[in-house]
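Heads up: the structure comes next, in C-alpha cells.
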Protein chains: 2
Amino acid sequence: MAHAYEFARPALTVDIVVFALDEEDLQVMLIERDLKPFEGQWALPGGFVRVDETLEEAARRELEEETGLKDIYLEQLYTFGDIKRDPRERVVTVTYYALVNLEGHDVQASTDARNAAWFSMNDLPKLAFDHKTILRAAHERLRGKVRYQPIGFELLPEKFTLRQMQHLYEVILDRELDKRNFRKKVLGMEIVKETKEIEKDVAHRAARLYRFDKRRYDKLTKQGFNFEI
Amino acid sequence: MAHAYEFARPALTVDIVVFALDEEDLQVMLIERDLKPFEGQWALPGGFVRVDETLEEAARRELEEETGLKDIYLEQLYTFGDIKRDPRERVVTVTYYALVNLEGHDVQASTDARNAAWFSMNDLPKLAFDHKTILRAAHERLRGKVRYQPIGFELLPEKFTLRQMQHLYEVILDRELDKRNFRKKVLGMEIVKETKEIEKDVAHRAARLYRFDKRRYDKLTKQGFNFEI
DNA sequence: TCAAAAGTGTTGGGCATACACCCATGA
DNA sequence: TCATGGGTGTATGCCCAACACTTTTGA
C-alpha cells in the first residue's frame with residue numbers, strides 16, 4: 001500500500017443537521033455564512049476536523065461553538081465526497097444529525113458573531129454547498145428511523161402529552177394518525193409512564209403528562225420486542 | 001471559518017466489506033497484508049482516497065485492484081474516525097459494503113501480489129486495525145436492510161430457486177423460515193418471475209428457476225408498496 | 001423402490017384500521 | 001354555556017404463523 005503522503009489529501013469536515021419540533025412543524029438550525037464562498041447564504045453548522053479529535057467530537061465541538069447546543073442526541077448520517085462540492089478545494093464531509101427539544105436547550109443565536117436561526121423544513125432558504133442534499137438525506141433518515149427506534153423522544157420535552165407525541169409522529173411521517181389507535185398502541189407497548197402531572201395554562205381540559213420509560217424500553221428490547229409506530 | 005491548511009489533516013481511506021453466499025453460509029473477502037503494521041494479518045480491501053476521485057470511485061478502484069471484482073452492488077456503510085485506529089497516523093476511513101454472487105464474478109486471488117480469499121462469517125481470522133468492528137457493522141446493516149429492500153438478490157445468481165432465496169434469508173437473518181409461508185409471501189408480492197428452466201444435475205426433483213423482476217418491483221414501490229420479508 | 005427435496009392449503013388468533021361520542025376545563 | 005381538546009371501545013378484515021402430506025426425479 002502506498003504511503004499517504006505520496007498523494008494530495010482531501011480535507012475533512014463535519015456538518016450537522018439539527019432538528020427540533022415546535023407547535024407547527026419540524027425545524028432545522030442554520031448558520032448565516034460570513035465568509036466566501038456563499039457569503040451571506042445559510043448553511044449547516046460544521047467545520048474542519050482536527051487531527052486530535054474523533055469525528056463525533058468534532059461535530060459536538062462545532063455545534064457548541066456555532067450554536068451553543070450541547071449534550072444532545074447525535075448520530076452519524078452519511079459521508080459526502082463529491083469532487084466539486086466545495087468550490088475552493090476538495091472537501092469530504094462526514095455529516096451528523098442531531099435532535100433537540102426546544103424546552104430543554106437554549107440556543108445562543110451565536111457565539112462567534114455569526115447568525116444562527118431555526119427554519120421550518122417547509123420553508124427553507126437557499127442553502128450553501130450541497131447542504132440541501134444533506135438536509136434531504138437527514139430528513140429521510142429521521143423518517144425511517146423514528147418508526148422503529150424511540151429517538152422521537154429526543155425531540156420532546158421530558159414530560160409530554162400523548163397528543164404532543166402523536167403530533168411529533170404526524171409531522172415527521174407527514175400523515176395523520178388516528179388518536180385512539182395511537183394511544184392504544186403507545187400505551188400498550190408500555191414504553192411511556194404516566195406522571196401525576198397535567199398540562200398547565202390551557203383553555204380546555206388539561207392533558208396528562210407522560211415520560212419515556214427508557215428502563216422499560218431497554219428491557220423489552222432485550223426480550224426481542226420490536227418498537228414500531 | 002479557519003482555513004483548512006492551518007490544521008494538520010487526517011488521512012482518508014476507504015475500506016470495503018464484500019459479502020457473498022455459498023451453499024453453507026455468508027462469506028466475506030479478505031486480503032492478507034504484506035506490509036507493516038499488521039503484516040501477515042488479514043484485513044478488508046481498501047486504501048487511500050485520491051484527491052481527484054469520489055469516495056465510491058475510490059472504493060471501486062481499490063476493490064478492482066485488490067480483488068479483481070468490478071461492477072458490483074456497493075453501498076456506503078459508516079465512517080470510522082477513532083484517533084488511534086491506525087497506529088501510524090490519524091486515518092479516517094469511509095467504509096462500504098458490497099454484495100456479489102459467486103457465479104457471476106471471478107475473483108482473481110490478487111492482482112498486486114497480495115493474497116485475497118473468502119472467509120466464512122462463522123470462522124473469521126484475526127483482523128487488522130478495527131476491521132472486526134467494521135465487519136460487525138456491515139453484517140448488522142445487511143441484516144437490517146435485507147428485510148425491507150430487495151438487495152438480497154445481489155447475492156444470488158441471475159436465475160435461482162426459491163429454496164436458494166429462502167436459504168439466503170435464513171443465513172442472513174440467522175433463523176429458520178417456513179417454506180410454505182416464504183413461498184406464499186414471495187410469490188404473492190410478484191417480485192420474482194418464473195422462468196421456463198429448472199435446476200440441473202440434482203439427485204432429486206429439480207426445482208423451478210426464478211429471476212428477480214426489477215421492473216415490477218420499481219412499479220410496485222412507486223405505488224407505495226412495501227417489500228418486507 | 002428408495003431417498004431427497006419440490007411443491008401445495010387451511011385454520012385460528014392477533015393486530016391494525018375505521019369510526020363517534022361524552023367529559024372536563026377555562027374563558 | 002360554550003368552545004376546545006381530552007379521553008374512551010368495538011367490530012371488521014387482513015395478515016401472519018403454525019402445521020403435514022403428496023409428487024417428482026435420479027440413483
Side-chain angles (χ1 to χ4, degrees), chain A residues 21-25 146-148 156-157 159-211 220 223-229, chain B residues 21-24 146-148 156-157 159-171 173-211 220 223-229:
Chain A
L21 192 73
D22 71 0
E23 294 76 36
E24 278 302 302
D25 41 27
V146 86
R147 297 193 50 201
Y148 61 94
L156 294 174
K159 296 168 193 166
F160 50 86
T161 66
L162 292 185
R163 176 62 100 179
Q164 276 179 294
M165 183 175 168
Q166 180 180 341
H167 177 237
L168 164 83
Y169 281 89
E170 289 179 332
V171 165
I172 295 177
L173 301 178
D174 197 29
R175 65 190 168 96
E176 301 210 332
L177 301 172
D178 180 85
K179 181 165 60 157
R180 276 169 296 187
N181 293 336
F182 183 84
R183 293 174 154 257
K184 233 182 305 174
K185 181 139 197 176
V186 168
L187 294 175
M189 288 192 291
E190 299 185 82
I191 52 161
V192 296
K193 204 162 55 184
E194 115 178 6
T195 71
K196 291 185 173 145
E197 296 167 67
I198 53 170
E199 281 184 297
K200 289 214 161 66
D201 302 321
V202 286
H204 52 80
R205 175 172 175 183
R208 163 138 278 122
L209 294 172
Y210 293 79
R211 71 172 83 224
L220 287 170
Q223 293 165 17
F225 148 90
N226 194 11
F227 173 86
E228 201 160 309
I229 296 269
Chain B
L21 192 74
D22 72 1
E23 294 75 38
E24 279 302 302
V146 87
R147 296 192 51 201
Y148 60 93
L156 293 174
K159 297 169 192 166
F160 50 86
T161 67
L162 292 185
R163 177 62 99 179
Q164 275 178 296
M165 183 174 168
Q166 182 180 339
H167 177 237
L168 162 84
Y169 280 91
E170 288 179 334
V171 166
L173 301 178
D174 198 28
R175 64 190 169 93
E176 302 210 330
L177 301 172
D178 179 85
K179 182 165 59 155
R180 276 169 294 186
N181 292 336
F182 185 84
R183 292 173 153 258
K184 232 181 308 171
K185 181 138 195 176
V186 168
L187 294 174
M189 286 192 292
E190 299 184 82
I191 52 162
V192 296
K193 202 161 55 183
E194 117 180 3
T195 71
K196 290 184 174 149
E197 295 167 67
I198 55 171
E199 280 185 298
K200 289 215 161 65
D201 302 321
V202 288
H204 52 79
R205 175 172 175 183
R208 162 138 279 121
L209 293 173
Y210 293 79
R211 72 171 84 226
L220 288 169
Q223 294 165 18
F225 148 91
N226 195 10
F227 174 87
E228 200 160 313
I229 296 266

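Side-chain atoms are counted along with the backbone in the values below, which use heavy atoms only and exclude waters and symmetry mates. Just so it is clear: chains get the letters A, B, ... in the order the sequence lines come, proteins before strands, and each one is counted from 1.
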Please tell me if the side chains of [X] and [Y] come closer than 4.5 Å, counting only heavy atoms from C-beta onward.
X: Ile229(A); Y: Val146(A); answer: no
X: Met189(A); Y: Leu220(A); answer: no
X: Leu209(A); Y: Ile198(A); answer: no

Between [N] ([atom2]) and [X] ([atom1]): distance, integer Å:
X: Lys200(B); N: dG26(D); atom1: NZ; atom2: C1'; result: 15 Å
X: His167(A); N: dG6(D); atom1: NE2; atom2: C1'; result: 17 Å
X: Asp201(B); N: dA5(C); atom1: CG; atom2: P; result: 15 Å
X: Glu199(B); N: dG26(D); atom1: CD; atom2: C1'; result: 12 Å
X: Asp178(B); N: dA6(C); atom1: CG; atom2: C1'; result: 14 Å
X: Asn226(B); N: dA16(C); atom1: CG; atom2: P; result: 14 Å
X: Lys179(B); N: dC21(D); atom1: NZ; atom2: C1'; result: 11 Å
X: Leu177(A); N: dG7(D); atom1: CG; atom2: P; result: 17 Å

What are the two closest heavy atoms between [X] and [Y], and how far apart are they?
X: Phe160(A); Y: Met165(A); value: CE1-SD, 4.0 Å
X: Gln164(A); Y: Leu156(A); value: O-CD2, 4.2 Å
X: His167(B); Y: Glu23(B); value: CE1-O, 2.9 Å

Item to complete: Indicate for each nucleotide in nucleotides 22-27 of chain C, in 5' to 3' sequence, whether protein heavy atoms under 4.0 Å reach the base (B), only the sugar-phosphate (S), or nothing (-).
Response: -BBBSS
Item to complete: Please identify each residue that fulfils salt bridge (charged side-chain N to carboxylate O under 4.0 Å, His left out) with Lys184(B), with sequence neighbours left out.
Response: none
Discussion item. Test of understanding: with salt bridge (charged side-chain N to carboxylate O under 4.0 Å, His left out), list the residues that count as partners of Glu194(A), not counting sequence neighbours.
Written reply: Arg208(A)
Worksheet item: DNA chain C: Glu228(A) or Ala207(B), which has the more 5' nearest nucleotide?
Response: Ala207(B)
Listed pairs under 3.5 Å, donor-acceptor, residues 171-180 of chain A side chains, sequence neighbours left out:
from: Asp178(A); atom 1: OD2; to: Arg180(A); atom 2: N; distance (Å): 3.2
from: Asp178(A); atom 1: OD2; to: Asn181(A); atom 2: N; distance (Å): 2.9
from: Asp178(A); atom 1: OD2; to: Asn181(A); atom 2: ND2; distance (Å): 3.3

Worksheet item: Going through the distances and angles, do Tyr210(B) and Leu187(B) end up as a side-chain contact (heavy atoms from CB on, under 4.5 Å)?
Response: CA-CA 10 Å; Tyr210(B) 293 79; Leu187(B) 294 174; 3.8 Å; yes
Discussion item. I want to check one thing: is the phosphate of dG6(D), taken as OP1 and OP2, less than 4.0 Å away from some side-chain N or O of Arg208(A)?
Written reply: no
Item to complete: Could you go through the side-chain contact (heavy atoms from CB on, under 4.5 Å) check for Ile191(A) and Phe225(A) one step at a time?
Response: CA-CA 11 Å; Ile191(A) 52 161; Phe225(A) 148 90; 4.3 Å; yes
Practice prompt. Estimate the overall bend of the helix from dT1(C)-dA27(D) to dA27(C)-dT1(D) from the end axes over five pairs each, rounded to 10 degrees.
Written response: 10°
Worksheet entry | Those residues of residues 180-197 of chain A lying under 4.0 Å from DNA chain D by at least one heavy atom | Arg180(A), Arg183(A), Lys184(A)
